[in-house]
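Working notes, beginning with the structure itself.
Counting starts at 1 for both ligands and their atoms, in listed order. Hydrogens, waters and symmetry mates play no part in the numbers below; they use all other heavy atoms, side chains included.
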Amino acid sequence: MGAPYIQPRQGSISHPLRIAVLISGGGSGLLALLNHQHSKPTTHITKLIISDNENAKGLQYGDDFQISTIAINLPQSHDRVQKRILHENIIHERLIESNIELIVLNGYMRILTPEFVKKWKGRLINIHPSLLPKYPGANAQRDALEDGATITGCTVHLVDEGVDTGKILAQSEVPILQTDTIEILQNRIKEKEHLLYPKVLDDYCAHQSIQR
Ligand code: GAR
């Protein structure tokens, strides 16, 4: 529902789509994408890394791969709504300045406002650590464990105005073992995410139907 999804232009190896990756923490998913993009010619290239947290470990990968990297902290304001809007406006300006054509949220732990989503809808992809629509939100692995689930997974989806409700591009299952802690499960899911989502981007950017 809401605004339509507008696909980015078709990327090609000679003219790859310019991607920004938004992170909040460790950035293992960002690293997987950068390794993928450096392992062979791809229809997309990471041109900008943005974190909402200046201490995010993942920011180091910008230096390692010589990619522009910016930490944009939440601005000071007593008004929580205003703070989010100001923050997103700064992010949007940076994306435009860098001619970004597609945004990937990988471990970006903020919910974007519908106003921001509308500007990028169809060009905004999220990686989520569950088989949506099960376990949306910030604690998907904990919720799956507490639910006694034996299977969970990861989802690559387009972002819409809701929370983890956008169009699903691909999913991959991950087993849950009785001995799993949240951390063990997080890492097992990440392994699958790192294999799945770069390939989904290959297809999405090339306007091909998604292979899994
Ligand atoms: C990934 O598992 C991603 O699916 C999850 O954060 C992790 C990021 O790890 N995203 C969410 O939970 C979004 N709600 P990383 O910082 O090591 O790439």
Side-chain angles (χ1 to χ4, degrees), residues 19-38 44 46 48-65 67 69-72 84 87-88 91 102-114 116-117 120 124-147 149 151-176 180-201 204 212:
I19 290 189
V21 182
L22 270 55
I23 60 169
S24 295
S28 67
L30 164 67
L31 179 60
L33 179 63
L34 297 176
N35 283 331
H36 176 80
Q37 290 169 335
H38 281 76
H44 46 88
T46 301
L48 183 64
I49 299 163
I50 297 181
S51 172
D52 61 336
N53 163 16
E54 63 195 6
N55 298 315
K57 190 173 155 252
L59 286 171
Q60 77 186 51
Y61 300 128
D63 295 336
D64 296 348
F65 284 80
I67 296 168
T69 302
I70 343 167
I72 304 175
R84 281 178 76 198
H87 189 234
E88 289 179 354
I91 292 174
L102 179 71
I103 305 169
V104 175
L105 307 177
N106 199 324
Y108 187 68
M109 300 311 278
R110 287 190 179 283
I111 293 167
L112 296 164
T113 64
F116 182 90
V117 171
W120 291 94
L124 185 52
I125 288 181
N126 185 40
I127 324 302
H128 184 79
S130 76
L131 296 174
L132 291 171
K134 288 209 122 185
Y135 317 123
N139 298 296
Q141 304 92 336
R142 185 203 66 190
D143 294 347
L145 283 173
E146 286 182 1
D147 200 25
I151 300 274
T152 186
C154 57
T155 301
V156 184
H157 69 98
L158 297 176
V159 177
D160 72 1
E161 291 84 347
V163 177
D164 300 325
T165 51
K167 182 180 174 196
I168 292 172
L169 298 178
Q171 294 185 305
S172 198
E173 287 187 356
V174 174
I176 301 181
D180 277 352
T181 59
I182 294 178
E183 197 186 351
I184 290 172
L185 181 58
Q186 276 170 342
N187 288 333
R188 191 178 306 120
I189 294 172
K190 281 186 193 184
E191 284 175 21
K192 273 282 167 77
E193 291 177 346
H194 297 173
L195 294 175
L196 180 67
Y197 97 92
K199 291 188 186 142
V200 172
L201 283 182
Y204 190 70
R212 322 181 8 189

Looking only at heavy atoms, what is the nearest atom pair of Leu145 and Thr181, with distance? CD1-C, 3.8 Å
Looking only at protein heavy atoms, which one is nearest to atom 17 (O) of ligand 1, and what is the separation? Ser28 OG, 2.6 Å
Would you mind running through ligand 1 and noting each atom that sits below 4.0 Å from a heavy atom of Ile127? 3 (C), 4 (O), 10 (N)
So is Ile23 close enough to ligand 1, meaning a heavy atom under 4.0 angstrom away? no
Quick check: Gly25 and ligand 1, any N/O pair under 3.5 Å apart? no
Subset of ligand 1 atoms that lie under 4.0 Å from at least one heavy atom of Gly137: 14 (N)
Side-chain heavy atoms of Val159 within contact of Trp120, under 4.5 Å: no
Give me the residue, atom name and distance of the protein heavy atom closest to atom 18 (O) of ligand 1. Gly29 N, 2.8 Å
Give the residue and atom name of whichever protein heavy atom lies nearest to atom 16 (O) of ligand 1, and the separation in Å to one decimal. Gly27 N, 2.9 Å
What is the nearest protein non-hydrogen atom to atom 13 (C) of ligand 1, stated with its residue, atom name and distance? Met109 SD, 3.8 Å
Are any non-hydrogen side-chain atoms of Val200 and Ile125 less than 4.5 angstrom apart? no
Kindly give the heavy-atom pair with the smallest separation between Ile23 and Tyr108, and that separation in Å. O-CD1, 3.5 Å
List the closest protein heavy-atom neighbour of atom 8 (C) of ligand 1: residue, atom name, distance to the nearest 0.1 Å. Gly107 CA, 3.5 Å
Closest heavy-atom contact between Arg188 and Ile176? NH1-CA, 4.2 Å
Tightest non-hydrogen contact, residues Asn53 and Asn55, listed as OD1-N, 2.8 Å
If you measure from each heavy atom of Ile189 to ligand 1, is any distance below 4.0 Å? no
Smallest separation among heavy atoms of Thr69 and Leu59, with atom names: CG2-CD2, 3.1 Å
Check this for me - ligand 1, Gln141, N or O atoms closer than 3.5 angstrom, yes or no? no
If the cut-off is 4.0 Å to any non-hydrogen atom of Gly26, which atoms of ligand 1 fall inside it? 16 (O)
Would you say ligand 1 has an N or O under 3.5 Å from any N or O of Lys190? yes
Tell me: protein heavy atom nearest atom 4 (O) of ligand 1, and distance? Glu193 OE2, 2.6 Å
Angle between ring planes, His157 versus His128, binned at 30° and 60°: parallel, tilted or perpendicular? perpendicular
Mind listing the closest non-hydrogen atom pair of Tyr197 and Gly29 along with its distance? OH-O, 2.6 Å
